[in-house]
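Per chain, numbering begins at 1; letters A, B, ... match sequence-line order.
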Amino acid sequence: MTNDRFNPHVADARWQSAWDAAQTFATPTDTDKPKAYILEMFPYPSGRIHIGHVRNYTMGDVLARYKKMTGHAVLHPMGWDAFGMPAENAAMEKGVHPGGWTRANIANMKAQLKRIGLALDWGRELATCEPQYYGHEQALFLKLLAAGLVYRKESTVNWDPVDNTVLANEQVIDGRGWRSGALVEKRKLNQWFLRITDFAEDLLAGVQGLDQWPDKVRLMQENWIGKSQGLQLTFNLAGTVDGIDVFTTRPDTLYGASFVAVAADHPLAQRMAENAPELQDFIALCKQGGTTAAELETAEKLGFNTGLSVEHPLDKDWHLPVYVANFVLMDYGTGAVFGCPAHDQRDLDFARKYDLPVRRVVAEGEDDGLTYRGDEAYTGPGRIVNSHFLNGMTIDEAKSAVITRAEHEGWGKGTTVWRLRDWGVSRQRYWGTPIPIIHCDSCGAVPVPESQLPVTLPEDVTFDTPGNPLDRHPTWKHADCPKCGKAARRETDTLDTFVDSSWYFLRFASQPDGAPNDAIDIARWLPVDQYIGGIEHAILHLLYARFWTRALAHIGLIDVVEPFASLFTQGMVTHETYSRPQGEGLPPLYFTPDEITRTATGATLDADNAPVEVGRIIKMSKSKKNVVDPDDIIDQYGVDAVRWFMLSDSPPERDLPWSEAGIEGCWRFVQRAWRLVGQVSGAVGEDKALTRKMHQTIAAVASDIEALSFNKAVARLYELTGAIEKAAPSAARDEAIRTLILLAAPMIPHLAEEAWATWGNTTLIADAAWPTVDESLLVEDEITIAVQVKGKLRDTITLPADADTAAMEAAAMASEKVQAAIGGADIRKVIVVPGRLVNIVI
RNA sequence: GCGGACGUGGCGGAAUGGUAGACGCUACAGACUUAAAAUCUGUUAUCAGAAAUGGUGUGCGGGUUCGAGUCCCGCCGUCCGCACCA
């Protein structure tokens, strides 16, 4: 090979075809090699791959290729999270069919992914919008239904009266639909729910074992599940048989109670409001409040005194007033609280406003009286005071004492309350998995028999009017009841797309035709050894997937409960913004990177050569126009340079700032490596220093890749490259060049294959083995140690690696610089760290 | 408000409690070239100095230690998550 430049435009396609033809990355199924299941979160087929995908998939790809080279059976699949609203929006805006739009996007994006040269087993590709996938999902749904893990109940949804559709909470902005701008109504609909709360305890406990997940994600999962232990008790309404149920985590403070408050939506408040216009007004006022952090922070605690009173459960003659209050939430606990102002800030604010008693019941050290003064509630530790039989107990002792008594006397019960709600999965949408249910007037909700699955989506639908096209379809929803045979209605709701992504990793591992999965294959491949994706899925997707896996294990379909052994959340790709102000009240005008020329100090717009403002480095977004299209840069530099850039510089969990200079540097490295490929000379002779460096690099790059510290692995490869460049021709140098290419092969696989072939190999480097390390060469035979005087570096000296502490000390004392620093002072102590340093203390 | 992460050159970032700034980018100087590109060599924390060298230096203030970017305490700042959660 005499070309002195590497030409990716030829090499990239050549090797991608070669891998395809040889089925290099097909998952080996008949082998006893250790398994490695590497998975990146599958993309939504929006139309184009963006640079964030490239970063995500490159990381997984390096790991997958490395695992293959180190003798693992690798499962590294790819698919499409293909149901969802954007397809329906496109249908409404452009008049295209969601299916056609989605499938065309998949074709485009698959071609883009192929250009990245990913080591994927395309034989296992799946798209959630195809009946071959969602039909099995319907079967799983019915199995969970049969097992009692699915139920139907009426619940309140956000209803957009213009678009005739249900909106997710995230789609309601300031009380209006995000698309229509219409005021959103609360509407009650019958919906399907999954009993995720049955698994709350187990999902929470399981978080403890996820020691290869980021702490941040584990914490977010714990907070989302939100376990609170306490007492549910009833306050009897004075003079009636009715009561108000209240949940508290602080039963120990029951003697500090000074009021009971219920939510505006509480049945009691609603009932009383029927005959009390002022209360109606107050309830309306409560609903106006904003929900942003700042608003809640400053929102005044407001209450409406109902005039009712309740009996204190520990003293029937002690009556407490009942308020309707704006800070009590109907959807947490029982929708009612008792207020203990001395030991809860919110209650204290409320009590001060409405001039209610503030009774101290916890004191640390000296009890300075019954009435609590000050504006900050005391929530710290201490002993119980002013509380009759509880006096002197610790908080924890008092909690159990009150719970025990409540249970004994029958007015309360120790309870655990969860923040986690059951998972509502009904969506009034077309482009999703049809819920396989038929509603019969006589038999109720009847499952579609398994033999009739999949229930496929009709293709002949229109989007010219708002609402769910399945509802309007002339024939689809008419079905006979599977039980009694009478004419009945097919369920027209579809499943939340989070259901689709809750088991795709199982289907990748095992895809029989007649069943969702095969338990033996699941046992072989699961859990996923390394899952890589964005932090935005830290809560919902990961929690639902953990739940779904447990649910399937619960009904005996599979034998694994935690789907992802190790999770990595990668950072975003960011870019500078370029803009010009447009004057008062107008947003700035943004420019794309290819419209400007970057200079050392700023940037100018090519169109008029005048400067533009260089803004902050932020996440790439269409609105800020700071985007780089992967296809464009691959066209320009070839994919290896782009992959190299994705791995260089920034640690993978942090954001990666894209820059023109950065990709140029990577392009230079690709060419540097290629020049070395041409320098394998057939020379003879040793080069001990270079061989040592080579073995150190093999070991370091391996451990860096396993730790996903790709930026460090890249730095090691740069070092080895530099060392080779400086070395004179020798057999050792030739070997170092070959090793360099093997080590870099997972990162820049096209160049590596080209080099491999250039050297006369007829195999693929993708199938080659990772170089072995000569452990004996990892240690140097000469070392440089630091000599400090009173902890300050004064000299460095070179010694044989096996120098003992006495030799080190002697060599340190012999240094003129060290003697000058000691300056004749008395030596109090000498610290010698073998192989490291000598510290002389004076 | 609660919880978490982070803070190191012009920039991205290295650094099991043991020589701070590896590696890359940028910039500058030089070589090659008619010239440019490409490539190569060198310099690139800061202050003083011609240099040798010396002082300072990992957000700020304390502490532990022979020795702290790293551990502990208290601040400041940035980013992220959650939230009237009873």
Side-chain angles (χ1 to χ4, degrees), chain A residues 4-5 214-220 222-224 226-228 230-232 246-250 253 261 263 289 291-293 295-297 299-302 325-329 331-340 344-347 349-350 417-419 535-536 538-539 574 598 600-601 617 644-645 648-651 653-669 671-672 675 709 711-722 725 784-797 817 820 828-833 835-842:
Chain A
D4 57 351
R5 301 272 288 176
D215 289 345
K216 175 166 59 167
V217 176
R218 290 165 49 173
L219 196 71
M220 283 162 76
E222 285 175 357
N223 290 342
W224 190 262
K227 182 180 186 176
S228 296
L231 171 69
Q232 182 166 325
V246 163
F247 174 74
T248 177
T249 55
R250 294 296 302 272
T253 64
T291 52
T292 66
E295 283 168 321
L296 291 176
E297 197 58 35
E300 207 178 356
K301 306 286 175 272
L302 296 176
N326 64 347
F327 63 86
V328 183
L329 306 174
D331 57 5
Y332 188 79
T334 60
V337 298
F338 83 79
C340 174
D344 181 290
Q345 190 58 46
R346 225 181 18 204
D347 296 345
D349 294 345
F350 190 81
V417 164
W418 303 87
R419 187 184 175 281
I535 186 71
E536 67 274 17
I539 298 177
T574 57
R598 192 76 172 83
T601 49
I617 297 174
W644 190 252
F645 186 74
S648 304
D649 295 349
S650 289
E653 70 278 11
R654 282 198 223 167
D655 290 350
L656 172 69
W658 178 271
S659 75
E660 200 64 27
I663 184 69
E664 289 280 354
C666 294
W667 170 248
R668 271 201 297 278
F669 174 77
Q671 296 303 340
R672 260 174 93 188
R675 271 195 301 280
S709 298
N711 57 323
K712 290 188 223 168
V714 163
R716 304 281 190 182
L717 292 172
Y718 272 115
E719 285 186 53
L720 181 59
T721 303
E725 284 170 341
T784 305
I785 64 161
V787 184
Q788 300 178 334
V789 177
K790 281 183 77 177
K792 256 189 187 318
L793 181 72
R794 292 300 171 183
D795 201 0
T796 57
I797 52 182
K817 290 176 190 168
R828 302 203 338 239
K829 200 174 177 184
V830 178
I831 312 260
V832 182
V833 182
R836 281 281 183 185
L837 61 62
V838 177
N839 186 11
I840 297 158
V841 187
I842 55 173

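For A/Lys301 and B/G1, the NZ to C1' distance is 10 Å, given to the nearest whole Å. Rounded to whole Å, the distance from CD on A/Gln671 to C1' on B/G24 is 17 Å. The CG atom of A/Asp349 sits 15 Å away from the P atom of B/C84 (whole-angstrom rounding). Between the CZ atom of A/Arg716 and the C1' atom of B/G24 there is a distance of 15 Å, rounded to whole Å. The distance between atom CG of A/Asn223 and atom C1' of B/C80, rounded to the nearest whole Å, is 13 Å. Between the P atom of B/C2 and the CG atom of A/Asp344 lies a distance of 14 Å, rounded to the nearest Å. If you measure from atom CG of A/Leu656 to atom C1' of B/C11, you get 13 Å, rounded to the nearest angstrom. Going from atom CG of A/Asp795 over to atom C1' of B/U53 covers 13 Å, rounded to whole Å.
Stem regions annotated for RNA chain B: B:1-7 with B:76-82, B:10-12 with B:23-25, B:27-31 with B:39-43, B:45-48 with B:53-56, B:59-63 with B:71-75, counting only runs of 3 or more consecutive pairs of Watson-Crick or G-U type with both contacts under 3.5 Å.
Of the side-chain N and O atoms in A/Arg836, none sit less than 4.0 angstrom from OP1 or OP2 of B/G67. Note on A/Arg346: a side-chain N or O is less than 4.0 Å away from OP1 or OP2 of B/C85. Between A/Tyr332 and B/A86 there is a side-chain N or O to OP1 or OP2 distance below 4.0 Å. OP1 or OP2 of B/A86 sits under 4.0 Å from a side-chain N or O of A/Ser228. In this model, the phosphate group of B/G4 is not approached by any side-chain N or O of A/Arg218 to a distance below 4.0 Å at OP1 or OP2. Between B/G57 and A/Lys792, no contact under 4.0 Å exists linking OP1 or OP2 to a side-chain N or O. Between A/Asn711 and B/G24 there is no side-chain N or O to OP1 or OP2 distance below 4.0 Å. For the pair A/Arg794 and B/G55, the criterion of a side-chain N or O lying under 4.0 Å from OP1 or OP2 is met. Listed pair A/Lys216 / B/A5 fails the phosphate criterion, with no side-chain N or O lying under 4.0 Å from OP1 or OP2. Contact check, A/Arg654 against B/G13: a side-chain N or O comes under 4.0 Å of OP1 or OP2.
Rounding to the nearest 0.5 Å gives a distance of 8.5 Å between CZ of A/Phe338 and CG of A/Leu231. With rounding to the nearest 0.5 Å, the separation of CG in A/Leu656 from OG1 in A/Thr574 is 6.5 Å. For the atom pair CZ of A/Arg654 and CG of A/Asp649, the computed distance is 12.0 Å after rounding to the nearest 0.5 Å. The line from CG of A/Leu793 to CG of A/Asn839 is 10.0 Å long, rounded to the nearest 0.5 Å. The distance from the CD1 atom of A/Ile535 to the CD atom of A/Glu653 is 11.0 Å, given to the nearest 0.5 Å.
Annotation: of the two residues near RNA chain B, A/Val833 and A/Tyr718, the 5′-most nearest-nucleotide partner is A/Val833.
Under the 30°/60° scheme for interplanar angles, the aromatic rings of A/Trp644 and A/Phe669 are found to lie parallel.
On the P atoms, B/U39 is 22 Å away from B/U44, given to the nearest whole Å. Between B/G77 and B/C40, the distance separating the two C1' atoms is 44 Å to the nearest Å.
Applying the salt bridge (Lys or Arg N to Asp or Glu O under 4.0 Å) test to A/Asp795 and every residue at least two apart in sequence or in another chain returns A/Lys817.
Residue A/Glu719 is in sugar-phosphate contact alone, with no base atom involved, counting any heavy-atom pair closer than 4.0 Å across all strands shown.
At a cut-off of 3.5 angstrom, the base of B/C23 holds no donor-acceptor pair with the side chain of A/Lys712.
Among residue pairs with one or both ends in residues 656-668 of chain A, none qualify as salt bridge (Lys or Arg N to Asp or Glu O under 4.0 Å); sequence neighbours excluded.
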